[in-house]
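Encoded as structure tokens, the structure appears first; notes follow it.
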Amino acid sequence: MLELTSKQRKILEKAAHNLDPIVIIGQNGVTDSLVQMVLNSLKAHELIKVKFNEYKEDRAEYANDIALRTDSTLVRIIGNVAIFFKENEDPSKRKIKLKKAAK
């Protein structure tokens with residue numbers, strides 16, 4: 001899981017602004033197949049939105065669970081939508097280039 005600076009978080013939020021949710025959490029909650037769908041979407045897009053149609057009151061807990069199970073970063077939860085980011089393992093295929101935080 002990547003630790004984001006506030007500047008990196010803002011960059012990702014801005015990039016996600018016009019994205020539509022790719023995965024929707026419904027009555028079955030966070031299942032293994034939903035986690036696999038999130039993983040596949042992250043592999044293809046790096047930055048995705050997940051919408052909570054159900055379990056809205058537990059969205060923070062479920063979003064953290066998804067982030068852990070997919071080894072992705074939860075960028076932010078806005079309303080009933082969570083934004084996730086996972087950098088492509090192959091640097092040449094990365095769509096979003098984040099500057100590394102200064103140490």
Side-chain angles (χ1 to χ4, degrees):
M1 194 181 306
L2 181 66
E3 282 294 321
L4 297 174
T5 65
S6 60
K7 196 172 196 176
Q8 290 170 326
R9 213 172 275 283
K10 284 193 187 301
I11 290 167
L12 291 172
E13 285 177 38
K14 188 175 179 181
H17 181 73
N18 290 325
L19 297 178
D20 291 323
I22 291 179
V23 178
I24 299 191
I25 297 177
Q27 65 187 17
N28 294 331
V30 179
T31 62
D32 290 339
S33 61
L34 182 124
V35 170
Q36 189 60 50
M37 199 182 328
V38 170
L39 258 176
N40 293 340
S41 299
L42 284 166
K43 221 175 257 186
H45 304 285
E46 290 185 325
L47 185 67
I48 66 166
K49 285 183 176 178
V50 175
K51 183 172 183 178
F52 289 86
N53 278 352
E54 302 286 333
Y55 304 102
K56 293 175 183 175
E57 62 282 344
D58 299 321
R59 64 187 175 268
E61 181 183 332
Y62 283 134
N64 286 319
D65 182 41
I66 291 169
L68 284 172
R69 291 171 68 180
T70 60
D71 192 33
S72 64
T73 301
L74 175 61
V75 177
R76 176 129 13 249
I77 298 173
I78 301 170
N80 293 316
V81 176
I83 303 169
F84 293 93
F85 175 71
K86 185 172 183 177
E87 216 170 32
N88 195 313
E89 293 172 11
D90 182 354
S92 66
K93 293 183 180 177
R94 290 184 184 157
K95 296 176 182 172
I96 299 172
K97 311 265 193 256
L98 287 180
K99 292 182 179 174
K100 300 297 178 204
K103 291 186 178 182

Separation between [atom1] of [X] and [atom2] of [Y], rounded to the nearest 0.5 Å:
| X | Y | atom1 | atom2 | result |
| --- | --- | --- | --- | --- |
| Asp65 | Leu34 | CG | CG | 10.0 Å |
| Leu19 | Lys49 | CG | NZ | 6.0 Å |
| Lys10 | Arg76 | NZ | CZ | 7.0 Å |
| Arg9 | Lys7 | CZ | NZ | 15.0 Å |
| Glu3 | Thr73 | CD | OG1 | 7.5 Å |
| Leu42 | Ser72 | CG | OG | 5.0 Å |

Within the distance-only criterion (no hydrogens, no angle test), does the side chain of [X] pair as donor or acceptor with the backbone N or O of [Y] below 3.5 angstrom?
| X | Y | value |
| --- | --- | --- |
| Arg69 | Leu39 | no |
| Asn64 | Ala60 | yes |
| Gln8 | Thr5 | yes |
| Glu46 | Ile96 | yes |
| Lys95 | Asn88 | no |

> Any link between Val81 and Leu47 through a network of hydrophobic side chains (Ile, Leu, Val, Met, Phe, Trp, Tyr) touching at under 4.5 Å?
Replying inline: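 No; Leu47 is not reachable from Val81 via cluster members.
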> When clusters are formed by joining ILVMFWY residues with side-chain heavy atoms under 4.5 Å apart, either directly or through shared neighbours, do Ile78 and Leu12 land in the same one?
Replying inline: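 Looking at the clustering, Leu12 is in the same group as Ile78.
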>> Against Ile66, only a single residue in Val23, Leu74, Ile25 fulfils side-chain contact (heavy atoms from CB on, under 4.5 Å); can you say which?
In response: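 Going through Val23, Leu74, Ile25 one by one, the side-chain contact (heavy atoms from CB on, under 4.5 Å) with Ile66 is satisfied by Ile25 alone.
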Shortest non-hydrogen contact from [X] to [Y]?
| X | Y | value |
| --- | --- | --- |
| Thr70 | Lys86 | O-NZ, 3.0 Å |
| Lys51 | Pro21 | CB-CB, 3.8 Å |
| Ile48 | Ser41 | CG2-O, 3.8 Å |

>> With no hydrogens and no angle check, just 3.5 Å: does a side-chain donor-acceptor pair link Gln36 and Asn40?
In response: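 The criterion, which ignores hydrogens and geometry beyond distance, is satisfied for Asn40 and Gln36.
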> Do the ring planes of Tyr62 and Tyr55 sit parallel (below 30°), tilted (30 to 60°) or perpendicular (above 60°)?
Replying inline: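 Plane angle over 60°, so perpendicular.
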>> With a sphere of 6.0 Å drawn around CD of Glu57, does it hold more than 12 non-hydrogen atoms of other residues, nucleotides or ligands?
In response: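 Enclosed.
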>> Quick check on Lys97: does its NZ atom have over 12 non-hydrogen neighbours (other residues, nucleotides or ligands) under 6.0 Å away?
In response: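 Yes, because the 6.0 Å sphere around NZ of Lys97 holds more than 12 heavy atoms from other groups.
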